[in-house]
Amino acid sequence: MRRYKEMIIVGGIAGVTLLSYFGYAASIKGSDYEVESIRKENAEALKKVNIEIENGDIKPTQYNIQLDGQIHSESQNYITGLFNSYAADFPADFYRFLSKEDVFTSEMGSRTYGIEVKASQLNYHSYDRSTQKQFKKTLSHRLTVPDREMADIRVFHQDGMNVYVQRDDHGAKEKSTVLLLNLAKGKVETLQSEQLKTNQERHYVAVNDYGIVYREIAYDAEGVEKDSAYYLDNGKGIKRIKALDAYASEGNFNAAENSQSLIAYGASDSEKSKSIKWSTYDFKTNQVKQHKVEGQHAYRFNGSYTMIAQGKLYHIANINDSDFQVTVVDTKNESISYQGIIKDKNARKNRLVQEITVIP
């Protein structure tokens, strides 16, 4: 009898604790955002940009903010949040595929990729968050099945139905391979397979008419980087892209959407600056060009989020503890096509930009 009384007491305490928590969480006032546009482009373009902001409160809330001023929020308490994951961001079957132990996942832009390598086939799945379209394909191939603990597989470039994949095998001897997944024909082709030296790694960047671009890093015996450089392999020979030597240690150049250049974006070195900077490398001229526009407010680099989509640079950064500056830059014309402030009228802290989605 005493045992049952103890159970009732414990259960009562737990119930009171949960009720207190839910009451407290329900009493928390969430952020009340508004968009203040300083410089606008056409209204239809603004509707296509969705900015996802989340807070870290006991009562987590996700805000989906469009630059035309439409704001949608979804709140949940911490306990129910424990039973939810980012599965809600994907179709159920795509999430189940990604959750398999032998599937390698990677992201590039708005696309998420999943690749499963078997003895005689490769299963490819992708999902584009901007279009909400999923693609599945089984490709025939004859490659060794990777050891999940000793290998990495990621998509680094896509050109229509051609998907370029880097496969690294971290065994006794480091090996890096480039695979071309021809989704139209359902075939896998090995473009490059290199045995790397000890304390060396390779990061493939882009594929275009000029060849395959990669960044190679060398480390000393203690694992400290001692040299890094970009290289171009045109199928006949390999040359170091010396114009990028000054930027190789940062390694932030990626393929531009025109595939004929590389682009790197960053911010000013000082939080007091309003400058938004990016750099482009042109294969034809073999030169790097610096670009810069001036924003409305000085911003904090540590809170910034930048992406390139459809020839435009989207830059979002904290200008104080609760508000964000949004800048959309036309990289071709080097001009600001949109500038605005996402304001939290409750001035609550601990806000983080999770993602930017641009609908084509």
Residue pair [X] / [Y]: nearest heavy atoms and the distance that separates them:
{"X": "Asn254", "Y": "Val205", "answer": "CA-CG1, 3.9 Å"}
{"X": "Arg240", "Y": "Ser228", "answer": "NH2-O, 3.8 Å"}
{"X": "Gly186", "Y": "Lys137", "answer": "CA-CE, 3.9 Å"}
{"X": "Val328", "Y": "Lys312", "answer": "CG1-CD, 3.9 Å"}
{"X": "Gly114", "Y": "Val103", "answer": "CA-CG1, 3.9 Å"}
{"X": "Arg215", "Y": "Ala248", "answer": "NE-O, 2.6 Å"}

Take Lys274 and Glu294 through the salt bridge (charged side-chain N to carboxylate O under 4.0 Å, His left out) test and state the conclusion after the steps. CA-CA 5 Å; Lys274 301 177 182 180; Glu294 294 296 315; over 6 Å; no
Relative to each other, are the rings of Trp278 and His291 parallel, tilted or perpendicular (30° and 60° limits)? parallel
His125 and Phe94 aromatic ring geometry - parallel, tilted or perpendicular at 30°/60° bounds: parallel
Is any side-chain heavy atom of [X] closer than 4.5 Å to a side-chain heavy atom of [Y]?
{"X": "Phe90", "Y": "Thr112", "result": "yes"}
{"X": "Val163", "Y": "Tyr124", "result": "yes"}
{"X": "Ile238", "Y": "Tyr214", "result": "yes"}
{"X": "Ile71", "Y": "Asn64", "result": "no"}
{"X": "Leu244", "Y": "Val288", "result": "yes"}
{"X": "Thr306", "Y": "Ile356", "result": "no"}
{"X": "Asn162", "Y": "Asn182", "result": "yes"}
{"X": "Lys289", "Y": "Ser279", "result": "no"}

Glu216 and side chain to side chain contact (heavy atoms under 4.5 Å, CB included): which single residue from Glu194, Glu201, Arg202 fits? Arg202
Hey, could you give me the [atom1]/[atom2] distance between [X] and [Y], rounded to the nearest 0.5 Å?
{"X": "Leu232", "Y": "Asn208", "atom1": "CG", "atom2": "CG", "answer": "7.0 Å"}
{"X": "Tyr314", "Y": "Leu67", "atom1": "OH", "atom2": "CG", "answer": "8.5 Å"}
{"X": "Lys345", "Y": "Tyr33", "atom1": "NZ", "atom2": "OH", "answer": "12.5 Å"}
{"X": "Leu181", "Y": "Ile115", "atom1": "CG", "atom2": "CD1", "answer": "5.5 Å"}
{"X": "Asn50", "Y": "Tyr63", "atom1": "CG", "atom2": "OH", "answer": "14.5 Å"}
{"X": "Leu179", "Y": "Ser193", "atom1": "CG", "atom2": "OG", "answer": "8.5 Å"}

Is there a path of hydrophobic side-chain contacts, each under 4.5 Å between heavy atoms, that joins Phe104 and Leu139? yes
Strictly below 4.0 Å, N to O, side chains only: are [X] and [Y] in salt-bridge contact?
{"X": "Lys136", "Y": "Asp93", "result": "yes"}
{"X": "Lys343", "Y": "Glu36", "result": "yes"}
{"X": "Asp128", "Y": "Arg111", "result": "yes"}
{"X": "Lys187", "Y": "Glu189", "result": "no"}

For the side chain of His170 and the backbone of Ala151, is there at least one donor-acceptor N/O pair under 3.5 Å apart? no
Side-chain (Asn333) to main-chain (Ser335) donor-acceptor, under 3.5 angstrom: no
Residue pair [X] / [Y], side-chain donor-acceptor N/O under 3.5 Å:
{"X": "Asp282", "Y": "Gln260", "answer": "no"}
{"X": "Asp168", "Y": "Gln166", "answer": "yes"}
{"X": "Ser337", "Y": "Asp330", "answer": "no"}
{"X": "Asn252", "Y": "Tyr265", "answer": "no"}
{"X": "Asn123", "Y": "Gln121", "answer": "yes"}

Quick one: list whatever passes ring pair (Phe, Tyr, Trp, His ring centres under 6.0 Å) with Tyr210, sequence neighbours left out. Phe283
Ring pair (Phe, Tyr, Trp, His ring centres under 6.0 Å) partners for His141, two or more places apart: none
Walk me through whether Asp169 and Lys175 qualify under salt bridge (charged side-chain N to carboxylate O under 4.0 Å, His left out). CA-CA 5 Å; Asp169 293 292; Lys175 189 177 184 180; over 6 Å; no
Salt bridge (charged side-chain N to carboxylate O under 4.0 Å, His left out) between Glu101 and Arg148, worked out: CA-CA 8 Å; Glu101 288 187 2; Arg148 192 67 177 82; over 6 Å; no
Does the ring center of Tyr164 lie less than 6.0 Å from the ring center of Tyr204? no
In a check of side chain to side chain donor-acceptor pair (under 3.5 Å) between Arg167 and each of Thr190, Thr177, Thr144, which one passes? Thr144
